[in-house]
Enquirer: 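Take a look at this one; I'll ask things after.
Order of the sequence lines sets the chain letters (A, B, ...), proteins ahead of strands, with each chain counted from 1.
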Amino acid sequence: MTGLNGDLLADLESRGLVAQMTGENGLADYLKEAPRTLYCGFDPTADSLHIGHLVPLLALRRFQQAGHKPIALVGGATGLIGDPSFKAQERQLNTPDVVAGWVDRLKGQVSRFIDFDCGENSAVVANNLDWFGPMTALEFLRDIGKHFSVNNMIAKESVKQRIDREGSGISFTEFSYSLLQALDFAELYKRHDCTLQLGGSDQWGNITAGIDLARRMHGGAVHGLTMPLVTKADGTKFGKTESGTVWLDPAKTSPYAFYQFWLRTADADVYKFLRYFTFLSLEEIAAIEEADRQGGRPQGQRHLAEQMTELIHGRDGLEAAQRITDALFSGELGDLSEQDLEQLRLDGLPCAELQRSQLAELPLTQIFADVGLASSGKQVKDALGRNAVWVNGVAIGADANMKAGEVFAEPNARAGIYYIVRLGKKSYQMLVVR
RNA sequence: GGUGGGGUUCCCGAGUGGCCAAAGGGAUCAGACUGUAAAUCUGACGCGCAAGCUUCGGUGGUUCGAAUCCACCCCCCACCA
């Protein structure tokens, strides 16, 4: 890590990563003057973080690289309550033991992005259950609640739709959420001299609540910075695919699927995403954009996919993802050796094992739907009818539906047991038939 | 507690006795075109290879036949208290 980098905030702004901040220009000077301690919270709402968490998560790393000390706060307490900010509906509460399990998972994930052994600005992971756990209801109401005005709270934009809107209300539990997050900031200020909170732009209300509380309880002058929510040019939600959320946990979203997700980024988004998510310099990104403008196949998506996959899954994860991608999308399935096929399987190409003896009676629609290549037999049927299904590179028609035995006849296999099934342009599935 | 309005397939939203597996839009999937992009066009879109099977908050009922009519129940919303 280099010394204090005075251009940090300017860099963030140039990347479009600053939505709001306190004191406007004052924060830039504040960060230049000395190394500061900052935090960002992550609530355990699932057993893994997803790519929607990346912007703030990577921001912690950017700050650390610039010489500041990051605290990753995992919300063992706040995760039990549920943040109502800009949510349309009341959340379902999760049980304490489930949340505790998720806290452990998130701690591990978060830890991969920041350095815990780099001297003065080594990172810290905290859990707000440490201070909320021992607190009694009376202490909370007297010591914390007294600092908040309900009049102000109901005026906040983040809960407005829950209060105004017909069809949904807000429970006292969720309404109280911002008090918890506010105390987090005050507490981290007291414990670690933490004077800056980062968050997504939906967190602004919670952050300002924390700034007020830190001042009222401890007389601290602390700051807030929010980053924009990631949006896509076509208006659809970022971070979702047909198969759901893109997780950071390789067991939930394989490095291959992760790589493919980024590779499929729209042109209209790709350079923005490079600025948002990667550590490539703005000059490098501008050069990529310029090169793409010259024509030829765009390289922005490739750079993005490579950078992100390596960042999240490491060099090995990236290489595995690229091995699969190269094998499947080069159109040269025939060149694959048994070792190659076995490697693809290890690399995370979806794979299912079937008994040869069962195949003859089953329609292909059922086989492919069962292994997850399509969500229903209807989809398989549609694809078969359009000659959009290939087994080891050979197109299969609708008339073969009841002829699984022939389709998967042993001579058609690679190394006797391997079949690579492709449905449509981008869905691949390995079948091992014994 | 009273009065009124609602609960339809992933979402929004038509449908008020048969022509309804249910209009239309969105989302999603596939095809064409491309660059594993976007836009556009085409097809699919409850489940099932098919015969057929199961849906319209729930339970009963009326009817040859119900998402549509009746009864009761559950839930939501608005206004009143």
Enquirer: Work out how far the P atom of B/G25 is from that of B/G46, and round it to whole angstrom.
Expert: 15 Å

Enquirer: Could you identify the nucleotide paired to B/U55, looking across every strand shown and requiring Watson-Crick or G-U wobble geometry with both distances under 3.5 Å?
Expert: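 Pairing partner, where one exists within any strand: none, as none qualifies.
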
Enquirer: Determine which nucleotide pairs with B/C69, using a 3.5 Å limit on both distances of a Watson-Crick or G-U wobble pair.
Expert: B/G61

Enquirer: To the nearest 0.5 Å, what is the distance between NE2 (A/His313) and OG1 (A/Thr253)?
Expert: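 It is 7.0 Å, given to the nearest 0.5 Å.
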
Enquirer: Is there a donor-acceptor contact under 3.5 Å from the side chain of A/Ser85 to the main chain of A/Ser158?
Expert: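 Looks like no, no N/O pair under 3.5 Å.
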
Enquirer: Write down the distance between CD1 (A/Ile396) and C1' (B/C49), rounded to a whole number of angstrom.
Expert: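 In whole Å, B/C49 C1' lies 15 Å from A/Ile396 CD1.
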
Enquirer: Sticking with atom C1', work out how far B/G13 lies from B/A22, rounded to a whole angstrom.
Expert: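 Per the computed distance, 13 Å lies between those C1' atoms.
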
Enquirer: Determine yes or no for a side-chain-to-main-chain donor-acceptor pair under 3.5 angstrom, with A/Arg105 supplying the side chain and A/Ser48 the backbone.
Expert: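 Not a single qualifying donor-acceptor pair exists.
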
Enquirer: Could you tell me whether A/Leu423 contacts a base, only the sugar-phosphate backbone, or nothing, with contacts defined as non-hydrogen atoms closer than 4.0 Å?
Expert: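 Sugar-phosphate, no base atom in range.
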
Enquirer: If you check every side-chain atom of A/Asn401, which of B/A38, B/A30, B/C49 has the closest atom?
Expert: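 Nearest to the side-chain atoms of A/Asn401, counting from C-beta on, is B/C49.
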
Enquirer: Nearest 0.5 Å please: distance from the CG atom of A/Leu280 over to the CZ atom of A/Arg275.
Expert: 12.0 Å

Enquirer: Less than 4.0 angstrom from a charged side-chain N to a carboxylate O is my criterion; do A/Arg414 and A/Glu338 meet it?
Expert: no

Enquirer: Taking the C1' atom in each of B/U42 and B/C33, what is the distance between them to the nearest angstrom?
Expert: 12 Å

Enquirer: Residues of residues 363-381 of chain A with any non-hydrogen atom less than 4.0 angstrom from an atom of RNA chain B: list those, numerically ordered, please.
Expert: A/Pro363, A/Thr365, A/Gln366, A/Ser376, A/Gly377, A/Lys378, A/Gln379, A/Lys381

Enquirer: Distance between the C1' atoms of B/U54 and B/C47, in whole angstroms?
Expert: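 Result for the C1' pair: 7 Å, nearest Å.
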
Enquirer: Atom CG of A/Asp234 and atom C1' of B/A27: how far apart are they, to the nearest Å?
Expert: 12 Å

Enquirer: So does A/Asp11 pair up with A/Arg15, basic N to acidic O under 4.0 Å?
Expert: yes

Enquirer: C1' atom, B/G2 versus B/C70: distance in rounded Å?
Expert: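 That atom pair is separated by 24 Å.
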
Enquirer: Can a donor-acceptor pair be found, under 3.5 Å and without considering hydrogens, that links the side chain of A/His53 to the backbone of A/His50?
Expert: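 Pair found, side chain donor or acceptor close to backbone of A/His50.
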
Enquirer: Can you measure A/Gln260 atom CD to B/G35 atom C1' for me and round it to whole angstrom units?
Expert: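 So the CD-C1' distance, A/Gln260 to B/G35, works out to 13 Å.
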
Enquirer: Could you tell me which nucleotide pairs with B/A37 by Watson-Crick or G-U wobble geometry, both distances under 3.5 Å, or answer none if nothing does?
Expert: none

Enquirer: Grab the CZ-P distance between A/Arg386 and B/G43 for me, whole Å please.
Expert: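 Distance, rounded to whole Å: 9 Å.
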
Enquirer: Is any side-chain nitrogen or oxygen of A/Arg297 closer than 4.0 Å to OP1 or OP2 of B/A37?
Expert: no

Enquirer: Send over the distance from A/Leu359 CG to B/C49 P, rounded to a whole Å.
Expert: 15 Å

Enquirer: Which nucleotide wins on minimum distance to the side chain of A/Leu263, given the candidates B/A39, B/U36, B/A30?
Expert: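 Closest nucleotide among those given: B/U36.
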
Enquirer: Taking atom P in both B/A50 and B/U34, what distance in whole Å separates the two?
Expert: 33 Å

Enquirer: Mind calculating the distance between CE (A/Met402) and C1' (B/A51) to the nearest angstrom?
Expert: 13 Å

Enquirer: Measure from CD on A/Gln299 to P on B/U36 and round the result to the nearest Å.
Expert: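 These atoms are roughly 12 Å apart.
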
Enquirer: Determine whether a donor-acceptor pair (N or O, by modelled atom type, separation under 3.5 Å) exists between the side chain of A/Thr208 and the backbone of A/Gly205.
Expert: yes

Enquirer: If you assign A/Tyr259 and A/Trp390 each to the RNA chain B nucleotide with the nearest heavy atom, which residue ends up on the more 5' nucleotide?
Expert: A/Trp390

Enquirer: When the P atoms of B/G26 and B/C41 are compared, how many Å lie between them, rounded to an integer?
Expert: 10 Å

Enquirer: Tell me whether the centres of the aromatic rings in A/Phe277 and A/Phe238 are closer together than 6.0 Å.
Expert: yes

Enquirer: Would a distance-only check, ignoring hydrogens and angles, find a side-chain to backbone donor-acceptor pair under 3.5 Å from A/Thr265 to A/Gln301?
Expert: no

Enquirer: Do the side chain of A/Asp43 and the main chain of A/Thr45 share a donor and acceptor less than 3.5 angstrom apart?
Expert: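 A pair under 3.5 Å: no.
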
Enquirer: Contacts to RNA chain B from residues 267-281 of chain A, heavy-atom cutoff under 4.0 Å, which residues?
Expert: A/Asp267

Enquirer: Under a 3.5 Å cut-off for both distances, is B/A78 Watson-Crick or wobble paired, and to whom?
Expert: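 The answer is B/U3, by the H-bond criterion.
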
Enquirer: Quick one: A/Trp262 CH2 to B/A37 C1', roughly how many Å, whole number?
Expert: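 Atom-to-atom, A/Trp262 to B/A37, this comes out as 15 Å.
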
Enquirer: Report the base-pairing partner of B/C10 (Watson-Crick or G-U wobble, both distances below 3.5 angstrom), or none.
Expert: B/G26

Enquirer: B/C33 phosphate, OP1 or OP2: any side-chain N/O from A/Lys425 under 4.0 angstrom?
Expert: no

Enquirer: Looking only at atom C1', what distance separates B/G65 and B/C74, rounded to whole Å?
Expert: 28 Å

